[in-house]
Amino acid sequence: MATFNMQKQININVLLKMLAGNHTLSSIIDILNENKIKTNKQKAIYLMHRLRKKGYVKTEKLSNNKRVYNISFNNKLKGFNYYDIINENSPIKLAIHEDYKIYGKKKSLEEALIYALNKKSVRSLLAILALFKKINNWSLLYKLAKKEDLQRQVGTLYDIARTIIKTRKMTKRFRNLSLPKKTDKFLYMIDNLKSKDFKDIEKTWKIYIPINKIDMEDYRKW
Amino acid sequence: MVTIEEQEELFLDISRKLKKKIICYAIGGTAMMFLGLKDNTKDIDLVFENEDNRKTFMKALEELDFKKLDSMILYGKKPNQPELLKRKEQERIDLFTPEVISFVFSENSKKRAEKTHQFGENLIIKIANVHDIILMKHATDRAKDITDIKSILDSEKINWNIILEETKNQLSLGKQRAALDLGLFIENLEIIGIKIPKDFSDELFKVFENQVKEMKKRKDKIG
């Protein structure tokens, strides 16, 4: 009982800082012991209970039935992140950067797609291909893409997605309005990065594609 | 006291009343709550880029029954005081534009505000970086500000170079007392047992000395 009382003395903010990130119960025990907080399974569960009560813990179950705890102050905030939407809908998961939270709005796949496209990372581009499976508000997507001048990039990703997954059908209006004109120059999705695959799609949209076919392995298993 | 949940609700209510999209910056206790450094705050501090945006925001607050207060009560004769609005005995909101008493919320400060929270369609709040929170806390210099700085220093890794560079930047923006005021504030922190790196204090003193020399030179030229 004495040790139990001692645990109560641990400042919740210090605990949060120490354990921020993704953990299993055993990694939590290891970290606490490394930080000279003597912990066994029971104590670790109690400390997790304290963090959960404050709203800092989100739990996920893996396929092997193991629990993974995401510990972060941001879990307390009610809003959502565009990465949450992508991770809920894609086999390729993205590490959540808590740099943009949204409150009081409906989760929009279209907004998430444009947000991730702007991040200019290969993994983000791969992850958002899955969103075309559910995207059906093409007029909203066109409006958002036009605002950022990304219509051709969206069209390119849609055509790539169709090579590997079943998607909703893009409207003719979106396609016709987005296809490049003769005078348009080739553009990079990610600066100076292009693959040897998807040459037809590259020519159609005049966009250099940074994705290789081999990068899409996760979609084959999906 | 406003909790994080109440603050979120309030920002959503404000967003629903706003007639146009507004970007502002959370500073002080509000920023600290978004960064997980505080559980509640006495007042909500926001900085606006221009008067027009502040007026639009104030209009939304007035529609939510907030009433204007005299800022002299809280800030005395300090310059660049905020507009203060309060609803009954609940939350008080301080609206600055873009100077926070003796601190200019500079372009660098805006760049450092990387975390963003969007409420509904119209309200986008960027969260000031901890370094700027410290600098602004010294500018407002209210009773609770030292406690807040202590809790920031206890839990965040501070790059004192950023604070030094921003102080130089404030000098270049015409805030002649920036180095002196920060130096005095740092001394107060040390008195209550907060450790400040000696290198930083020495560098800050050099900046102050150079500034005095420059001023003397200018005075001699005029004289």
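Values reported hereafter were calculated over all heavy atoms of this structure, with side chains retained and with hydrogens, waters and symmetry mates removed. Because the structure is a prediction, the values reported are computed rather than measured.
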More than 12 heavy atoms of other residues, nucleotides or ligands under 6.0 Å from [atom1] of [X]: is that the case?
{"X": "Tyr188(A)", "atom1": "OH", "answer": "yes"}
{"X": "Lys143(A)", "atom1": "NZ", "answer": "no"}
{"X": "Glu190(B)", "atom1": "CD", "answer": "yes"}
{"X": "Arg67(A)", "atom1": "CZ", "answer": "no"}
{"X": "Arg87(B)", "atom1": "CZ", "answer": "yes"}

(message) Would you say that Lys76(A) contacts Glu5(B) through its side chain, given a criterion of any heavy-atom pair below 4.5 Å between the two side chains?
(response) yes
(message) Apply side-chain contact (heavy atoms from CB on, under 4.5 Å) to residues Glu8(B) and Lys101(A) and explain how you reach the verdict.
(response) CA-CA 11 Å; Glu8(B) 278 179 20; Lys101(A) 276 233 170 205; over 6 Å; no
Distance-only donor-acceptor pairs under 3.5 Å for side chains of residues 103-111 of chain A, two or more places apart:
from      : atom 1 : to        : atom 2 : distance (Å)
Tyr103(A) : OH     : His117(B) : ND1    : 2.7
Lys105(A) : NZ     : Glu111(A) : OE1    : 3.2
Lys105(A) : NZ     : Glu111(A) : OE2    : 3.0
Lys107(A) : NZ     : Glu88(A)  : OE2    : 3.0
Ser108(A) : OG     : Glu110(A) : N      : 3.4
Ser108(A) : OG     : Glu110(A) : OE1    : 3.4
Ser108(A) : OG     : Glu111(A) : N      : 3.0
Glu110(A) : OE2    : Asn137(A) : N      : 3.3
Glu111(A) : OE1    : Tyr82(A)  : OH     : 2.8

(message) Going by ring pair (Phe, Tyr, Trp, His ring centres under 6.0 Å), name the pairs with one or both residues in residues 88-114 of chain B, residues two or more places apart or in two chains.
(response) Tyr25(B)-Phe105(B)
(request) Could you note down all residue pairs passing ring pair (Phe, Tyr, Trp, His ring centres under 6.0 Å) where residues 122-144 of chain A supplies at least one of them, sequence neighbours left out? (result) Phe132(A)-Tyr158(A), Trp138(A)-Tyr158(A), Trp138(A)-Phe174(A), Tyr142(A)-Phe174(A)
(request) Would you please test Leu77(A) and Ile4(B) for side-chain contact (heavy atoms from CB on, under 4.5 Å) and show each step? (result) CA-CA 8 Å; Leu77(A) 304 173; Ile4(B) 194 135; 3.4 Å; yes
(message) Suppose a student defines contact as a heavy atom less than 4.5 Å from any heavy atom of chain A. Which residues in residues 28-50 of chain B would they list?
(response)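 The list, in residue order, reads Met33(B), Phe34(B), Leu35(B), Gly36(B), Asp39(B).
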(message) Salt bridge or not between Lys17(A) and Glu156(B)? Use side-chain N to carboxylate O under 4.0 Å.
(response) yes
(message) Measuring from atom CG of Asp99(A) to atom NZ of Lys115(B), what distance do you get when rounded to the nearest 0.5 angstrom?
(response)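 Answer rounded to 0.5 Å: 8.5 Å.
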